[in-house]
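These notes concern the structure reproduced below.
Counting starts at 1 for both ligands and their atoms, in listed order.
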Amino acid sequence: MKFNTKTIHGGQKPEETTGAVMPPVFLTSTFAKTSPTEHKGFEYSRGGNPTRAALENSLASLENGTHGFAFASGLAAIDAVLRLLNPGDEIIAGDDLYGGSYRMFTKLFQKYGLEFSFVNMDDVTNITDAITENTKLVWIETPTNPLMKIADIKAISSAVKDVDSTILIGVDNTFATPYLQQPLDLGTDIVMHSATKYLGGHSDLIMGALVVKDKKLAEDIHFIQSAAGAIAGPMDSFLALRGIKTLHIRMQRHCENGIAVAKFLEKHPKVSQVYYPGLEKHPNYELAKSQMNGFGGMVSFRLKEETQEAAYAFLENTKIFTLAESLGGVESLSNHPITMSHGSMPEEQKQRVGITNSLIRLSVGIEDIEDILADLEQALKA
Ligand SMILES: *Cc1c(COP(=O)(O)O)cnc(C)c1O
């Protein structure tokens, strides 16, 4: 099956007893057994639920993996990955990470004895130089949030595996979605999503996902999912599955609107810089073009005026763009990373990566592009 067909049919079959085309929302905690060791595939919904299973099969299919896992949030999915490790193990991560991932690494897991180093993933040797005998995981985000940097997944995977083939490589694929990029095909072990964003696509749920292609790794993650219990519920699983069925057409429009917004901002006199991998000026344009099947709907930009007032004036005056946390829904959202999504990042780290007052992040929705551009124009005048 090709990708657009997979979003609708991948891993899916009509429900067995009734033929329902969409899996029913199995709002049940437990399942009747005929004998203590005999059941019909499900025992207790923490370990598995048919609606969640339908979603997990869809996720595995979309990412060309063999096993998918749905969690209570994107962060719960990353938490499950870190639970694969032991005290003393080292993780190498990118230095322009989602703020919540950075906070989990440094504020939660560091105190349980995991060691983290944050490197600029533009250059593969920054990663290989940071590998020690204790390195167990390389965590990649590409495109990054909010600066839209691109890491070369294939080059990093092969360089890391050359040094030590047992090091796991995980990719946070939230911004790209499997429509634009399939990291397992590029040599990685784990793909993670905040399904809250593009996979769900309608700003109506919080959910995380992992997909793997190795049987042992799948067993370990299933054990963690069931033993720690941060599972996605059946209603949310249904909504995510329903969202996924239009992922391809939504992404197509997000990409069209994303490039149009990036080009509009690039020419605007109040804007000093635009961060979008689809602009030829982007330092990783060629890499993005070869690694991704399009450039997505996330656009960050910098106002010429480096003051909080200028940023707030823009953010408070949009009418189509809603000022809100999150991204990836059908509606356009705006964000001030320094005070919102990346508020918990230490000051020096923000300065180092360039998250300052003038930086604004847009999640470009799928409204009519004329309305989107007119809204940006009038808000920039404010
Ligand atoms: C939102 C987000 C997360 C966290 O996901 P939640 O569903 O909010 O827990 C992780 N990574 C990226 C890139 C995100 O945008």
Side-chain angles (χ1 to χ4, degrees), residues 55 59 63 68-83 91 93-109 116 118 121 137 139-151 153 170-181 183 188 190-211 225 228-233 236-237 239-240 243-244 251 254 258 275 277 292 296-300 324-329 333-337 340-345 353 355 359 361-365:
L55 169 65
L59 294 167
E63 287 285 6
F69 302 91
F71 291 86
S73 68
L75 286 180
I78 302 178
D79 174 274
V81 172
L82 294 178
R83 285 171 197 267
I91 297 96
D95 64 359
D96 181 25
L97 278 188
Y98 173 66
S101 308
Y102 185 82
R103 180 178 57 195
M104 174 187 287
F105 292 178
T106 55
K107 296 268 169 69
L108 278 179
F109 278 93
F116 295 86
F118 299 95
M121 293 205 163
L137 173 69
W139 190 253
I140 304 170
E141 213 181 286
T142 181
T144 62
N145 178 2
L147 289 167
M148 307 302 295
K149 293 203 293 193
I150 307 289
I153 299 173
V171 175
D172 182 336
N173 205 26
T174 300
F175 270 36
T177 83
Y179 178 79
L180 297 179
Q181 161 176 295
T188 69
I190 302 171
V191 179
M192 172 264 158
H193 284 277
S194 169
T196 311
K197 315 295 170 52
Y198 287 105
L199 293 185
H202 295 75
S203 306
D204 53 7
L205 57 88
I206 298 278
M207 187 186 288
L210 297 178
V211 180
Q225 185 191 36
I231 48 157
D236 287 350
S237 297
L239 288 172
I244 284 170
M251 287 309 294
H254 282 298
Y275 303 88
M292 303 168 72
M298 296 303 298
V299 182
S300 294
E325 303 282 357
S326 201
L327 58 102
L333 299 180
S334 62
N335 177 294
H336 194 222
M340 296 168 62
S341 57
H342 291 65
S344 65
M345 191 178 257
V353 297
I355 300 174
L359 186 72
R361 188 191 77 186
L362 301 176
S363 172
V364 180

Q | Residue pair P143 / M292: nearest heavy atoms and the distance that separates them | A | CG-CE, 3.9 Å
Q | salt bridge (charged side-chain N to carboxylate O under 4.0 Å, His left out) contacts touching residues 68-81 (sequence neighbours left out) | A | D79-R83
Q) Quick one: which of N173, I150, V191 gives a side-chain contact (heavy atoms from CB on, under 4.5 Å) with Q181? A) N173
**Q.** Interatomic spacing from CG in N335 to CE in M340 - rounded to 0.5 Å
**A.** 4.5 Å
Q: Give a yes or no on whether the backbone of M207 and the side-chain of T196 come within a donor-acceptor separation of less than 3.5 Å.
A: yes
Could you go through ligand 1 and list every pair where one of its N or O atoms sits under 3.5 Å from a protein N or O, giving the atom names and the distance to one decimal?
residue  : atom   : partner : partner atom : Å
ligand 1 : 5 (O)  : S194    : OG           : 3.0
ligand 1 : 7 (O)  : G74     : N            : 2.9
ligand 1 : 7 (O)  : S194    : OG           : 2.8
ligand 1 : 7 (O)  : T196    : OG1          : 2.7
ligand 1 : 9 (O)  : G74     : N            : 3.0
ligand 1 : 9 (O)  : L75     : N            : 2.9
ligand 1 : 11 (N) : D172    : OD2          : 2.7
ligand 1 : 15 (O) : K197    : NZ           : 2.8

Q.
Before we go on, tell me: are the rings of Y198 and Y179 under 6.0 Å apart, centre to centre?
A. no
